[in-house]
Amino acid sequence: MAPIRDKFTIHSKAVVCQDVELKGDITIGPNTVVHPKATIFAIAGPIVIGAGCIIEEAAIIVNRRKEVMRIGDSNLFEIGCRVESPSIGNFNTISTRARVHHTVRISNYCVIGAACLVVPTEDESLEDYTTIYGPAADRRVWSGRGRVQEADLRHKHAEYLREMLPKFNRLRRGDGA
Amino acid sequence: MGPSIQYYCPCLSGFPVQTPPPPHVASSSASFHPLHSLFFCEECDAVRCNRCVSIEVSGYYCPNCLFEVPSASVRAEKNRCARNCFSCPICRTTLSVVASDPPDEGDGRSSSVPLSTVGEPPFFLYCNHCRWDSAEVGITFEKPTGLAAQLQKFEDSAAESLEFERLKEHFEPFLRTSSLSSSSHLPSVASHHMHTSSITAAASAALARDIPGVGKYNPHTRSRAGRDRTVNRDEMPEYKSRVEVGLFSQLGSGGDEGDVEFLTHIETAGEVAKLEQRWGNSWTTSLKTSDLRPLRIPLHSKVSKRCPTCRHILIKPEQKAQSVRYKIKLVAANYLPAMTVALPSPQSGPDASRRVPAKVPAAGDEKNFTLMAGKSYPFHLALTNPLYDPIQVRLSVQRMHVTASTDSTAPEKARRTPFAVSLPTSSFPVAAFAEAWEYDDDEDMFGVEDDELGLEPIGRGSKDRDGRGKVKTVGVLERRANVTVVGGEVVIGKEARGHVKFNMLVSYTYRSDDPLPSEDGAGTPSRVNAKAPEVKTFTFYTVIDLGPITPREESKVEADV
């Protein structure tokens, strides 16, 4: 296997702290916030992160596949989660210490609850509004009521972080900058 | 599970004789408790456990909003919070009240338009954890306040609730007259007894009523004692239920055919509500998950506990729900030395120099190593003195009544001498408890001078005895601050099985300043200033479980590994 070649493309409006571990071909979209101590590993294929995502401390995003791992817009990766899904849509929340295996594709408005393990042996795709919660990783489908308010909250959250994080952290710029 | 120690409460023995049951008897576990769950009555000078104390409720509160509910309204509100506290019917998280979304622009990205903070009706309950919302079951509110009152309407209109109200109404005049009549007829009976008798009479009358489909049992043939009760019963009009019993299933509250019909058509197990989701309900509800409703959060109570013999309060919480403190707290941990038992790691042990913990075939548990039959093991007992006075402690192992433990299934030989325990026989001191700020410098942390002990010279820290040639196993091993570590040794018989579990008698002497100060709210005996200190001895039993014995056969297997 060829050594991983680093290539970081960070949008000028994204906030990526200096103290993050990036490896491989990574593209980070506008208004996305990556906290310090987050890890993004593009081991095999590249990782493309969309706009307005929040990646918190100690979150780990790994792409083990050859294909591009696409992460959509306004996703929230909470502290200590580990995500390897090959594709993630928009407005998803991966809660604290949740773990999502590379066999799962996540569509839109999904919520993986705190400490939930989503490790099916066969490939599957979570439908829109799927909620996984509780110690047994139970599933249900959210009605979607309140989603506009949640999106608004996510937006404000990212906006606040974009304002505050640069005051206390050095930022990393993309290769082009 | 590692080695453990529990303390004995003599409440089940029935006598002031404080001999605990043999530890290998399964029922003995009921008499032993962890130290932190025990109380200590200063008046009786005795240990009390949760099993023997008498409990009285000192207040009710909602665990979510911490509102203290006056006991008068607890019943009216049906033991649940009557404010805005609800638990999710799916996952039991507390629900929050949220407003509806503004009209959607289609793509869900209204980020350019800041939402107003007030929100717009209809409001509904929303679970942040599993994303259940009350609009799924058709519950929405026009205002975000006073939700419980709005929901209680649903509850109160339930068929069972109405039926229950009707029953209460029906029996009320009867209860009143019967309590009146019995108080006039039987003045000698104690009042609370009379009260219960009238209730039982009412209940038996209710039970005797004609139930469709059940053969009529003639109550007159019953030989009931007490004439007046029959008289009372005759005064009762026949109770007519609101609905026929068979009709309940049609009301969506569960029944035979409806459930069978539902169960034959389910596709996933999630359609059926789990038992945990249903049994918090006041009334029977339907089996369907989709029918579950938000529940008002059940109230909690604060209780105070009294000594069963002298009625003195042992523990009494502060009235306020926000407070986690106690007005009175006489816990055993403030009186009895706290003990922990440990098996020192095998590396430092005398006979287990090369055993690697990972290679030990631990029988299901995660202990460092197992106890092998036919070997001897040292163990450590650390005693911590909670008192402001130094104590002298003497330990002795209760003799095992082997004959009493004869287990017919076990081989006779194995039962004979399972193990022998040796402990220091002389008494040893444990220094007084002192607050951290009372130690002037580091040197003081080691407190008492070792020479004064009259025992063999003892190393101060644990470093002194680890890894040196001479390792003492039985006796005082370490003393620092108010902790004394003593070593014991257990010799396990060749054919031993089961657990190394034995009762140990602990007696300690301390200077007492009788009478004990009563204003001592914190529960710790205050510093002794008495001129002529009296020496007192307190004795209690403990049970020590060092862990299971690995039988001989397995130990051979392990030797090969």
Side-chain angles (χ1 to χ4, degrees), chain A residues 13 30-32 50-54 72-76 78 89-96 98 107-116 126-160 162, chain B residues 87-141 144 267-274 276-277 288-290 292:
Chain A
K13 276 185 153 178
N31 295 334
T32 285
C53 291
I54 302 168
D73 301 341
S74 298
N75 295 296
L76 171 62
E78 290 187 354
N90 305 325
F91 296 104
N92 298 292
T93 304
I94 319 289
S95 304
T96 304
S107 45
N108 305 311
Y109 297 103
C110 292
V111 181
I112 316 291
C116 282
L126 296 185
E127 282 176 37
D128 284 9
Y129 300 110
T130 303
T131 309
I132 296 180
Y133 64 96
D138 298 315
R139 290 187 188 191
R140 49 177 276 112
V141 177
W142 174 32
S143 64
R145 273 178 285 263
R147 104 186 97 96
V148 177
Q149 290 166 90
E150 189 174 304
D152 184 59
L153 183 69
R154 181 74 45 84
H155 180 76
K156 283 177 187 156
H157 184 179
E159 200 174 335
Y160 176 81
R162 276 198 303 279
Chain B
S87 66
C88 173
I90 307 291
C91 66
R92 270 129 209 286
T93 319
T94 304
L95 297 172
S96 44
V97 187
V98 295
S100 295
D101 273 342
D104 205 343
E105 283 107 76
D107 60 348
R109 291 186 209 190
S110 58
S111 49
S112 53
V113 193
L115 296 178
S116 69
T117 46
V118 186
E120 44 193 277
F123 296 89
F124 53 90
L125 295 165
Y126 174 73
C127 173
N128 273 310
H129 188 55
C130 70
R131 308 263 164 153
W132 178 89
D133 64 62
S134 66
E136 284 177 29
V137 292
I139 300 174
T140 52
F141 308 93
E267 285 173 10
T268 59
E271 286 175 40
V272 183
K274 292 176 194 156
E276 306 96 81
Q277 293 169 341
K288 296 172 197 166
T289 312
S290 55
L292 291 170

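Reminder, nothing fancy here: chain letters follow the sequence lines and each chain counts from 1. Quick note: numbers below take in every heavy atom, side chains included, and nothing from hydrogens, waters or symmetry partners.
Between H129(B) and Y133(A), the ring planes lie perpendicular to each other; the angle is over 60°, past the 30° to 60° tilted range.
With a 4.5 angstrom heavy-atom cutoff, R145(A) touches chain B via backbone and side-chain atoms both.
Identified by a heavy-atom distance below 4.5 Å to chain A, the contributing residues of residues 130-140 of chain B are C130(B), R131(B), W132(B), D133(B), A135(B), E136(B), in residue-number order. By a heavy-atom distance cut of under 4.5 Å, I90(B), C91(B) are the residues of residues 88-96 of chain B near chain A, going up by number.
For E271(B), the side chain to side chain contact (heavy atoms under 4.5 Å, CB included) partners two or more places apart in sequence, or in a different chain, are F262(B), I266(B), E267(B), T268(B). Scored by the ring pair (Phe, Tyr, Trp, His ring centres under 6.0 Å) test, F124(B) finds no partners at all (sequence neighbours excluded).
Among the candidates S74(A), G144(A), G146(A), G113(A), the residue making the largest number of heavy-atom pairs closer than 4.5 Å to chain B is G146(A).
Between the OH atom of Y126(B) and the CD atom of Q149(A) there is a distance of 9.0 Å, given to the nearest 0.5 Å.
When all heavy atoms of R147(A) and D101(B) are compared, the closest pair comes out as N-OD2, 2.9 Å.
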